[in-house]
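Computation of the quantities below employed the complete heavy-atom set of this structure, encompassing side-chain atoms and omitting hydrogens, waters and symmetry-equivalent molecules. Just so it is clear: chains get the letters A, B, ... in the order the sequence lines come, proteins before strands, and each one is counted from 1.
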Amino acid sequence: MEVFHEDILETFLFCFLASLGIVQIMAARRGWHGLCVYGRRLNRGVNNALGAALLIFSYAWYFSDPLHRNVRNIEALMSLVCLLLGVAAALLATAAAASLSESLWRLFRPPAGESARTAREEAGKPEELATPNAKLLISPAWEKADRKLVILAETGRGSERLVRRLLPYLPHDMGYASLHPREEGGGGEPEGRERASSLLGALRELEERVGAGLQGADLLGLGWSGNELLRLREHLERTCRPRRFLVVAPVVPDPGHALLGDAFLSNTPWDILCRILAGKPWREGAFRSTLRIWIPFSLACMAAGAVLTSFFDIRWQVFSGLAGGLIVSLWLAYFPAARKGLAGRGKNREERTVPGLFWEHLHPGECPLEVVICGDDAHLLRARAAPQGGVRFHVLAGSLRGKFFLDRRGLQRLLELLAR
Amino acid sequence: MLDWLINLDYTLFTWINGLAGRNMLADSAMKAFCNDHLIPFTLGFLALVMMLKGRDRLDDRRNFAAVVRIFLTIALSMALMQLVITLVHRPRPFVDYPVNLLFYKPVDWSFPSNPATATFSFFFSALLSDRRFGWWFLPPALLMSFARIWCGVHYPGDVLAGILLAFAAACLVHRLDFLSRPFVSIVRNLESRLRSALSLRE
């Protein structure tokens, strides 16, 4: 059998470039800022032009070669493999470019409002303390300050970076302490109850370290920790008696459809990956049980596939046998896994997380509660009747959770809220 | 009966193939549509557009499932086609008759048409999943199948058999849910994991 190695490579490149173009156009159409290959906000015109140029170039380049016009070259199966690999490579390349460009923007571009930096930095950097439950950042002026702010941040370095960007802009007379929970499990998810107790532990550690209670302080929860703050509100009202609760950019689920949101709107693929890995999915019982079912199937199917393709002398003998066996093993292993409730009919992690998140905790309490919603969740707030009394909502229009949260007057409006 | 059908098939073939060689523009267009890569890859890219075109995540889930079913339909129709090829050995038209050949000489059997099976698998499966967007797959599939007859490499009967095979495979994949359920479930869980991994960033 003839093998057209060069054609395979060119066909793969053609599929890759054309798919890249399509992904750019569709990302612009969907408003997926998280997949913007040049970082920051998507520009529809730029993306559409880039996508169209890639599509036109790929077709013109590939079909300008006489070898790709009515000449026998690679067969149908290899064309299909080239198409699938090309699409996968285009998605991966988009993810890598979007993550890298955004990281570079974060490194080299100051956030909006940099010129309005206060003299806070001269007052000294925050003291860093490591506790079993969290990392603490405490302002030097904490004890003397008239107003105190306790920030409950999300897990991860990205969240810490966000808080560190925010701190220099806080009012001069405000003492602050920020808690950064350790990266174990995902806050707000089913394991959120554990996370909540971990946050309570971190608050207790803060109280021990600073040697004073948190009475009268403003409690600010950011992102997923905002959801945890809502969950702990009644308990904290009894134990800490804060001045008010501020929940900023919580995860606002859509309970009707059991959806938490869309990370592609503003989170880069790298942020998404970090978030998933922080939850340590390989430690989940369901994951391990599924793996225990699938591994024997995959070994048997791949071995059988390799033997069959070698015996019948099918193109790319071992490789095609292994790949085919792998696909068949996924199909076969699904049914015993589904019988054990590990796949299919059972609720997935997201569907288990949505009930009891956010909406159920919005009832009026003893302390005032203010909730700041990101622009990407505003439609959910409009769709549901807001609870009456005791809870104030603010919408940061134009800001998105995973990117430019501090851009477009987001920082200014947040500071105005904190200064009240 | 079979002879009558074969004669009808040949008559139709001579009508369509007889049009070749009269107009250079039409011949060039048909050669392009007949190409092994142009329309199959274009249909593949249309499937990618279908996957990403939704308005929200619920739409996306439906579209991802539709694309999984398209590829399963292709796999099943190809398997059915191989089965038919082992039973029916029909030579290409240019082997038995003088034809206007505008294409290279394929070495495999003529019945059923491989490109018609593949392209109509895209069409039928997409149509059964999405009654509006699915129609976008029809013109390329029709053009390629017609071009194969024009260029002298398939009889109309080969194309018709390919279309029927594709239809049968699409119906099977969409009717027998257990065929696609495992893959749809895997894709759905992956989508859910990725897109619910929200985090707050500067």
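Salt bridge B/Glu202/A/Arg161: present, at least one basic N to carboxylate O contact under 4.0 Å. One finds a salt bridge joining B/Arg61 and A/Glu350 here, because a Lys/Arg side-chain nitrogen approaches an Asp/Glu carboxylate oxygen to under 4.0 Å.
Aromatic ring centres of A/Phe14 and B/Phe45: separated by under 6.0 Å. In summary, the aromatic rings of B/His37 and A/Phe63 are positioned with their centroids too far apart to meet the 6.0 Å limit.
Heavy-atom pairs under 4.5 Å with chain B peak, among A/Ser159, A/Gly223, A/Cys15, at A/Cys15. Ranked by heavy-atom pairs under 4.5 Å with chain B, the first of A/Ile25, A/Asp271, A/Leu222, A/Val87 is A/Asp271. Options A/Ala18, A/Ala27, A/Gly86, A/Gly261 differ in how many heavy-atom pairs under 4.5 Å they form with chain B, and the most are formed by A/Gly261. For the options A/Val23, A/Ile272, A/Leu80, heavy-atom pairs under 4.5 Å to chain B are most numerous at A/Ile272. For the set A/Ser79, A/Ala249, A/Ala90, A/Gly21, the entry with the most heavy-atom pairs within less than 4.5 Å of chain B is A/Ser79. In terms of heavy-atom pairs under 4.5 angstrom with chain A, the leader among B/Val107, B/Asp36, B/Leu179 is B/Leu179. Among the candidates B/Ser180, B/Gly54, B/Ala32, B/Pro115, the residue making the largest number of heavy-atom pairs closer than 4.5 Å to chain A is B/Gly54.
How far CG of B/Leu200 is from CD of A/Glu154: 5.5 Å, rounded to the nearest 0.5 Å. From A/Trp32, atom CH2 reaches atom CG of B/Leu52 across 5.0 Å, with rounding to the nearest 0.5 Å. To the nearest 0.5 angstrom, B/Ile186 atom CD1 is 9.0 Å from A/Tyr334 atom OH. The CG atom of A/Asn348 lies 8.5 Å from the OG atom of B/Ser185; values are rounded to the nearest 0.5 Å. In this structure, A/Leu91 CG and B/Leu48 CG are separated by 6.5 Å, a value rounded to the nearest 0.5 Å. The CG atom of B/Leu198 lies 5.0 Å from the CZ atom of A/Arg401; values are rounded to the nearest 0.5 Å.
Here the closest heavy-atom approach between residue B/Val49 and residue A/Met26 is recorded as O-CE, 3.8 Å. Taking each heavy atom of A/Tyr59 and B/Phe41 in turn, the nearest pair found is OH-C, 4.4 Å. Of all the heavy atoms in B/Ala197 and A/Arg275, the pair that sits closest is CB-CG, 3.6 Å. Residue A/Pro281 comes nearest to B/Arg193 through the heavy atom pair CB-NH1, 3.2 Å, listed as atom of the first residue, atom of the second, then distance. Shown here for A/Ala263 and B/Leu194, the closest heavy-atom pair between the two residues is CB-O, 3.6 Å.
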inquiry  = Between B/Arg57 and A/Asp262, does the salt bridge (charged side-chain N to carboxylate O under 4.0 Å, His left out) criterion hold? Intermediate values first, please.
reply    = CA-CA 7 Å; B/Arg57 284 188 58 197; A/Asp262 188 353; 5.4 Å; no

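With a 4.5 angstrom heavy-atom cutoff, B/Leu38 touches chain A via backbone and side-chain atoms both. Neither the backbone nor the side chain of A/Thr268 comes within less than 4.5 Å of any heavy atom in chain B. Using a 4.5 Å cut-off between heavy atoms, B/Asp60 touches chain A through its side chain atoms alone. Only the side chain of A/Leu84 comes within contact range of chain B, judged by heavy atoms closer than 4.5 Å. Looking at A/Leu166, neither its backbone nor its side chain comes within 4.5 Å of chain B, counting heavy atoms on both sides.
A/Asn267 places a side-chain N or O within 3.5 Å of a backbone atom of B/Ser199 that can act as its donor or acceptor partner. B/Arg201 places no side-chain N or O within donor-acceptor distance of the main-chain N or O of A/Leu162, the cut-off being under 3.5 Å. Side-chain atoms of A/Trp331 come within 3.5 Å of backbone atoms of B/Phe178 as a donor-acceptor pair (strictly under, hydrogens ignored). Between the A/Arg29 side chain and the B/Lys53 main chain, a donor and an acceptor come within less than 3.5 Å of each other.
The 12-atom threshold is exceeded at CH2 of B/Trp109, counting heavy atoms of other residues, nucleotides or ligands nearer than 6.0 Å. The number of heavy atoms from other shown groups lying within 6.0 Å of CG (B/Leu25) does not exceed 12. Atom CZ of B/Phe64 is surrounded by more than 12 heavy atoms from other residues, nucleotides or ligands within 6.0 Å.
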